[in-house]
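I have placed the structure first, in the form of structure tokens, so that the comments after it can refer back to it.
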2 protein chains.
Amino acid sequence: MNPADPARALELLSRSPVFRGASPADLQPLAALGTFRTLRRGEVLFRAGDALDTLFLVSSGSVRVYRVVRGGTRELTLHVEGPRQLVAGVGVLGGSDPAPAHAVALQTPTEVLCLPAAAVREQVFGTPALAAAVIAALARRQAELLARLEGLVFSELGERLAAYLLEHAADDPHALPTNSDLAALLGTVPELVSRKLGEFYRLGLIQLERRRVRVLDRPELERLAGRTGGEGRASDPR
Amino acid sequence: MNPADPARALELLSRSPVFRGASPADLQPLAALGTFRTLRRGEVLFRAGDALDTLFLVSSGSVRVYRVVRGGTRELTLHVEGPRQLVAGVGVLGGSDPAPAHAVALQTPTEVLCLPAAAVREQVFGTPALAAAVIAALARRQAELLARLEGLVFSELGERLAAYLLEHAADDPHALPTNSDLAALLGTVPELVSRKLGEFYRLGLIQLERRRVRVLDRPELERLAGRTGGEGRASDPR
DNA sequence: CGGGTGATTGAACTGCTTCAAAACATGTGG
DNA sequence: CCACATGTTTTGAAGCAGTTCAATCACCCG
């Protein structure tokens with residue numbers, strides 16, 4: 001696996017949704033500068049506070065981006081990025097030099113394309129189609145983040161977990177992450193995840209076997225997830 | 001007050017931090033297209049779900065951008081934008097057509113410069129310096145938002161209120177917004193704001209007289225706000 | 001002076017947190 | 001193949017912050 005491989009880099013760049021709308025000619029200069037890097041599970045891409053001089057584009061595997069809060073007692077996973085997704089996009093392009101979050105590889109062969117920040121900025125800002133695509137991607141990301149956090153603030157764990165199950169376990173037997181990872185994603189602690197999953201199981205909403213789930217009662221889960229946008233207890237009729 | 005006034009528009013545009021780095025020549029075409037609009041307190045700029053074909057730049061007064069959650073039982077203020085700040089920036093530039101939030105004027109003479117979205121997009125994407133400045137501004141905004149919401153999720157009301165007081169009531173007698181507005185900003189309900197303010201008063205941390213506050217014990221408030229980043233109850237030694 | 005808005009207080013309740021311990025799984029070395 | 005050590009999941013139980021409903025109080029305005 002050659003660290004520099006312009007052809008593969010160009011292929012990856014042109015398939016990434018962030019750079020959609022750019023012509024191969026626009027991406028060529030970036031591909032020439034990119035190098036591939038392979039990580040093992042748990043390996044650190046960068047830490048919060050690091051200077052950000054590189055942009056990462058996931059090629060295979062996945063990367064977890066998270067922040068540590070509560071004086072180190074708690075982790076909040078911001079996103080988990082899979083293939084063709086950008087890591088550190090906002091930080092690098094927005095010029096926020098110290099990285100605002102940590103990033104580690106989640107799977108054992110995780111390969112990322114590393115692009116020098118300065119070159120990316122220059123290319124992006126100078127190419128209208130690229131600038132538009134990147135801004136759109138950042139905006140989309142921001143909207144997701146906003147929705148996620150709004151859910152964290154205003155809806156209860158049951159709703160968030162139901163939503164998670166609907167989104168990720170829709171396809172039959174689905175392997176759950178560990179309770180700790182789920183907790184970091186949902187903004188709570190492993191104990192609560194365990195309790196809520198048990199509750200759903202007892203209600204017959206899901207089938208649980210080891211770390212595999214299967215959704216049994218989709219309509220009820222949807223009701224719990226609050227299709228209307230999280231009415232919570234305000235919804236109970238009286 | 002003439003609705004169209006290219007000279008004033010240009011002046012405003014070139015002083016706005018979002019467009020910093022652009023030459024007057026770059027901004028000229030936008031200024032020519034802008035129209036001013038004056039609003040009264042409570043007047044709606046746009047509602048969540050509206051098609052966003054206009055970008056707003058606050059000229060005077062202030063605009064509150066907020067979302068309605070919990071099935072309409074609760075409001076969360078995302079930002080309050082003062083002069084030279086952009087409203088609807090992410091939505092318009094990112095191409096998320098239906099507005100993701102509501103926006104209303106907070107003060108009675110609030111004047112905004114309205115710019116047609118399509119023209120702004122074209123100008124921004126086609127001008128490298130502008131694209132860079134705008135992306136940086138959006139990224140900064142996103143970082144603020146992230147910090148705000150993270151605080152909402154992981155720190156307690158006392159911490160958030162203390163932080164608010166330190167930030168906004170630093171200068172002597174400071175006029176507080178109504179408890180409802182404060183609640184929308186802090187992500188809670190008016191009752192809790194009242195209770196916490198009362199508690200701070202009883203502890204001798206602040207002086208309260210009508211809607212005016214004065215910080216009496218700054219060090220203690222800073223301790224409560226959790227300088228270290230919100231350790232919450234995890235901090236108490238044992 | 002009455003009426004309406006916002007502020008305050010009371011009280012019951014819910015969901016989350018935290019600490020702690022038990023149950024279970026998984027891998028290691030004897 | 002068992003015994004042990006380690007880590008994760010599950011369950012228990014006490015406590016607290018925030019929510020909600022509701023009632024009272026203070027103030028401003030005409």
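Letters A, B, ... mirror the listed sequences (proteins, then strands); counts begin at 1.
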Thr188(B) side chain, from C-beta outward: closest of dG10(C), dC16(C), dT19(D): dT19(D)

If the test is side-chain hydrogen bond (donor to acceptor under 3.5 Å, both in side chains), which one of Glu75(A), His79(A), Gln107(A) qualifies with Arg64(A)? Glu75(A)

Classify the angle between the aromatic ring planes of His168(A) and His174(A) as parallel (below 30°), tilted (30 to 60°) or perpendicular (above 60°). tilted

Grab the CG-P distance between Leu224(B) and dA17(D) for me, whole Å please. 13 Å

Taking atom C1' of dG18(D) as reference, at what distance in whole Å does atom CG of Leu161(B) sit? 14 Å

Nearest-Å distance, CD (Glu209(B)) to P (dA26(D))? 16 Å

Closest of dA20(C), dA13(D), dT8(C) to the Arg195(A) side chain is dA13(D)

Side chain of Leu192(A): nearest nucleotide among dA7(C), dC16(C), dT19(D)? dC16(C)

Just wondering, do Leu182(A) and Leu176(A) contact through their side chains at under 4.5 Å, heavy atoms? yes

Winner on side-chain proximity to Arg211(B), out of dA7(C), dA17(D), dT9(D), is dA7(C)

For Ser180(A) and Val153(A), take the nucleotide of DNA chain D holding the closest heavy atom to each; which residue's nucleotide lies nearer the 5' end? Ser180(A)

Can you measure Tyr201(B) atom OH to dA7(C) atom P for me and round it to whole angstrom units? 17 Å

Expressed as a whole number of angstroms, how long is the span from Glu156(A):CD to dT17(C):C1'? 15 Å

Go through dT18(C), dT9(D), dT19(D) for me and flag the one nearest to the Arg70(A) side chain. dT18(C)

Please tell me which of the listed nucleotides, dT17(C), dT11(D), dT8(C), lies nearest to the side chain of Ser194(A)? dT11(D)

With a 4.0 Å cut-off on heavy atoms, is Arg210(B) in touch with a base, just the backbone sugar-phosphate, or nothing at all? sugar-phosphate

Side chains of Arg41(A) and Thr108(A): any donor to acceptor distance under 3.5 Å? no

Any idea which of dA22(D), dT9(D), dC16(C) is nearest the Glu191(B) side chain? dA22(D)

Aromatic Phe36(A) / basic Arg8(A) pairing, under 6.0 angstrom, 45° off normal: yes

Whole-Å distance, Arg74(A) CZ to dC16(C) P, equals 11 Å

I need the CG-P distance between Leu197(B) and dA7(C), as an integer number of Å. 10 Å

Whole-Å distance between dT9(D) C1' and Asp181(A) CG? 14 Å

